[in-house]
Amino acid sequence: MWKRATSSLKSLLSFHITQEGSKLNNAFHCHRFISGSPLHFQEKDVVSPKHMDSVITFVLGGPGSGKGTQCARIVETFGFKHLSAGDLLRKEMVSDSEYGAMILETIREGRIVPSAVTVRLILREMQYGDNRKFLIDGFPRSEENRIAFEHITGTEPDFVLFFDCPEEEMVKRVLSRNQGRIDDNIDTIKKRLKVFEALNLPVIDHYARRGRLHRINAVGTEDEIFEQVRPVFAACEQTAA
Ligand SMILES: Nc1ncnc2c1ncn2[C@@H]1O[C@H](COP(=O)(O)OP(=O)(O)O)[C@@H](O)[C@H]1O
Ligand SMILES: O=c1ccn([C@@H]2O[C@H](COP(=O)(O)OP(=O)(O)O)[C@@H](O)[C@H]2O)c(=O)[nH]1
Ligand SMILES: [Mg+2]
């Protein structure tokens, strides 16, 4: 399983704007415009061809379902590189980025940041270091996100985890998260739950149909939940061995 993404990631890594430009344009032409400039990928975003043996895992679930918490356990036990799309966006937000204000407003309103911004941040992060096992947390959050990522990388995730959690439990967890996040308030959480149902569930359904989804019951102690997660990764390690 680890090896499966290798050939498909090659297209990402050996990607040339001249060869693939039309593909990219198709993916991003329809994108929103910010300050009059289209959000599109540029040659500087091309990832170098050193990244060959890769595995890509998406970690999905509603706000407060425990994605970040379980990702930390997966990193500890299976040595993945954790890429939290939300963390990358928050980092971008407080940098000098031209997208800072837009990201802040989008997160506050519980909406989804345009794919071109998020995908670029994720791909950029994937270039750093030698760890080729990626845990992409909180992305894709919409079909548009998913299609943009798959289009530009030419690959699908090896597998997808879905932390399935009742709304009541998610609200309780988010409201006691205590990390000073601008979206951890009851108004935003209500909006986020609606966005989750309307935009993220179709992505989850898509991967279920593709046979790549592992549904995890996200109610229980952290340990109990990790015991459902562990065999998914253990099985993949065995396949790779
Ligand atoms: N199994 C669990 N039971 C109770 N609280 C949890 C559990 N897992 C995580 N939490 C807490 O819930 C909050 C949200 O968890 P987090 O991992 O940030 O979720 P997500 O990344 O899906 O939004 C955090 O304060 C975390 O400590
Ligand atoms: O791919 C992503 C990931 C996050 N976000 C934004 O960032 C917020 C926080 O995301 P994060 O994954 O950090 O939240 P969590 O689910 O962990 O509470 C979301 O509500 C969105 O507004 C986004 O637009 N695209
Ligand atoms: Mg999180």
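Start at 1 and go down the list; that is how both ligands and their atoms are numbered. We number each residue from 1, following the sequence as shown.
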*Can you find a side-chain donor-acceptor pair between Glu222 and Thr69 that sits under 3.5 Å?*
no
_For atom 13 (O) of ligand 2, what is the closest protein heavy atom, and at what distance to 0.1 Å?_
Arg90 NH2, 2.8 Å
*Answer yes or no: is there a donor N or O on one side and an acceptor on the other, between the side chain of Lys67 and the main chain of Ser84, under 3.5 Å?*
no
*So Lys194 and Glu197, salt bridge (Lys or Arg N to Asp or Glu O under 4.0 Å) or not? Walk me through it.*
CA-CA 5 Å; Lys194 283 192 184 134; Glu197 200 176 323; over 6 Å; no
*Distance, nearest 0.5 Å, that separates CZ of Phe162 from CG of Asp205*: 9.0 Å
*Give a yes/no on ligand 1: does Gly61 have at least one heavy atom closer than 4.0 angstrom to it?*
no
*Leu60 vs Leu161, side chain to side chain contact (heavy atoms under 4.5 Å, CB included): CA-CA, chis, key distance, verdict*: CA-CA 6 Å; Leu60 304 180; Leu161 293 187; over 6 Å; no
*Could you tell me whether some N/O pair between Lys67 and ligand 2 is separated by less than 3.5 angstrom?*
yes
*What atoms in ligand 1 come closer than 4.0 Å to a heavy atom of Thr221?*
1 (N)
_Heavy atoms only: which of Arg177, Lys172, Arg192 lies closest to atom 24 (C) of ligand 1?_
Arg177
*Are there more than 12 heavy atoms of other residues, nucleotides or ligands under 6.0 Å from atom CD of Glu105?*
yes
*Taking the side chain as every heavy atom from C-beta outward, state whether Asp164 and Asn217 have any pair of such atoms under 4.5 Å apart.*
no
*Below 4.0 angstrom from a heavy atom of Pro63, which ligand 2 atoms are there? Numbered from 1 as shown, please.*
16 (O), 18 (O)
*Between Glu109 and ligand 2, which part of the residue brings a heavy atom under 4.0 Å of the ligand: side chain, backbone, both or neither?*
neither
_For atom 7 (O) of ligand 2, closest protein heavy-atom neighbour_ = Ile107 CG1, 3.6 Å
*Under the side chain to side chain contact (heavy atoms under 4.5 Å, CB included) rule, what do Glu156 and Arg146 come out as? Steps first, then yes or no, please.*
CA-CA 9 Å; Glu156 284 189 297; Arg146 176 185 72 73; 5.7 Å; no
_Identity and separation of the nearest protein heavy atom to atom 22 (O) of ligand 2_ = Arg111 O, 2.6 Å
*Backbone of Met93 reached by a side-chain donor or acceptor of Ser97 within 3.5 Å*: no
*For atom 9 (C) of ligand 1, which candidate among Asp223, Asp87, Leu60, Thr69 provides the closest heavy atom?*
Thr69
_Would the distance check show the side chain of Thr188 and the main-chain N or O of Arg108 forming a donor-acceptor pair, the cut-off being under 3.5 Å?_
yes
*Quick one: which ligand 1 atoms are inside 4.0 Å of a heavy atom on Ile225?*
1 (N)
*Please assess Phe80 against Phe134 for the test ring pair (Phe, Tyr, Trp, His ring centres under 6.0 Å), listing each intermediate value before the final yes or no.*
CA-CA 6 Å; Phe80 271 65; Phe134 300 106; 8.6 Å; no
*At what distance, to the nearest 0.5 angstrom, does CZ of Arg111 lie from CG of Leu199?*
11.5 Å
*For atom 12 (O) of ligand 2, state which one of Arg141, Met170, Arg108 supplies the nearest heavy atom.*
Arg141
_Which of the numbered atoms in ligand 2 are under 4.0 angstrom from any heavy atom belonging to Ile112?_
24 (O)
*For ligand 2, which part of Met93 has a heavy atom less than 4.0 Å away: the side chain, the backbone, both, or neither?*
neither
*asked:* Side chain or backbone, does Gly64 bring an N or O within less than 3.5 Å of an N or O on ligand 1?
replied: yes
*Compute the shortest N/O to N/O distance between Val113 and ligand 2 and return yes if it is under 3.5 Å, no if not.*
yes
*Between Lys190 and Asn185, is there a donor-acceptor pair closer than 3.5 Å when you use the side chain of the first and the backbone of the second?*
no
*Check for a donor-acceptor pair, side chain of Asn200 on one end and backbone N or O of Ser142 on the other, with a separation under 3.5 Å.*
no
*Per-atom contacts of ligand 1 with Gly68, taking only distances under 4.0 Å to non-hydrogen atoms*: 17 (O), 21 (O)
*Atoms of ligand 2 close to Ala85 [distance to a heavy atom under 4.0 angstrom, numbered from 1]*: 1 (O), 2 (C), 3 (C)
*N/O of Pro63 under 3.5 Å from N/O of ligand 1, yes or no?*
no
*May I ask you to identify, for Arg177, whether its side chain, its backbone, both or neither come under 4.0 Å of ligand 2 on a heavy-atom basis?*
side chain
_Which option wins on minimum heavy-atom distance to atom 20 (P) of ligand 1: Lys67, Met170, Arg181?_
Lys67
*For ligand 2, the portion of Val174 having any non-hydrogen atom under 4.0 Å away*: neither
*At under 4.0 Å between heavy atoms, which part of Thr118 makes contact with ligand 2: side chain, backbone, both or neither?*
side chain
*Among Cys71, Gly220, Gly66, which residue places a heavy atom closest to atom 3 (N) of ligand 1?*
Gly220
_Atoms of ligand 1, numbered as shown, that sit under 4.0 Å from any heavy atom of Gly62_ = 22 (O)
*Return the option from Leu88, Leu60, Leu89 holding the heavy atom at the smallest distance from atom 23 (C) of ligand 2.*
Leu89
_Looking at Glu168, I'd like to know if its CD atom is crowded, meaning that more than 12 non-hydrogen atoms belonging to other residues, nucleotides or ligands lie closer than 6.0 Å._
no
*Which heavy atom of the protein is the closest neighbour of atom 10 (N) of ligand 1, given with residue, atom name and distance?*
Arg173 CD, 4.0 Å
*Would you confirm whether Asp184, through its side chain, and Gln179, through its main-chain N or O, come within 3.5 Å as a donor-acceptor pair?*
no
*Nearest to atom 1 (O) of ligand 2 by heavy atom, Ser115, Ser142, Gly138: which?*
Gly138
*Please determine if Arg192 has a nitrogen or oxygen closer than 3.5 Å to a nitrogen or oxygen of ligand 2.*
yes
*Do the numbers put Arg73 on top of the ring of Phe226, so that NZ or CZ is under 6.0 Å from the six-membered ring centre and no more than 45° off the axis?*
yes
*Where on Asp183 is there a heavy atom closer than 4.0 Å to ligand 2, on the side chain, on the backbone, on both, or on neither?*
side chain
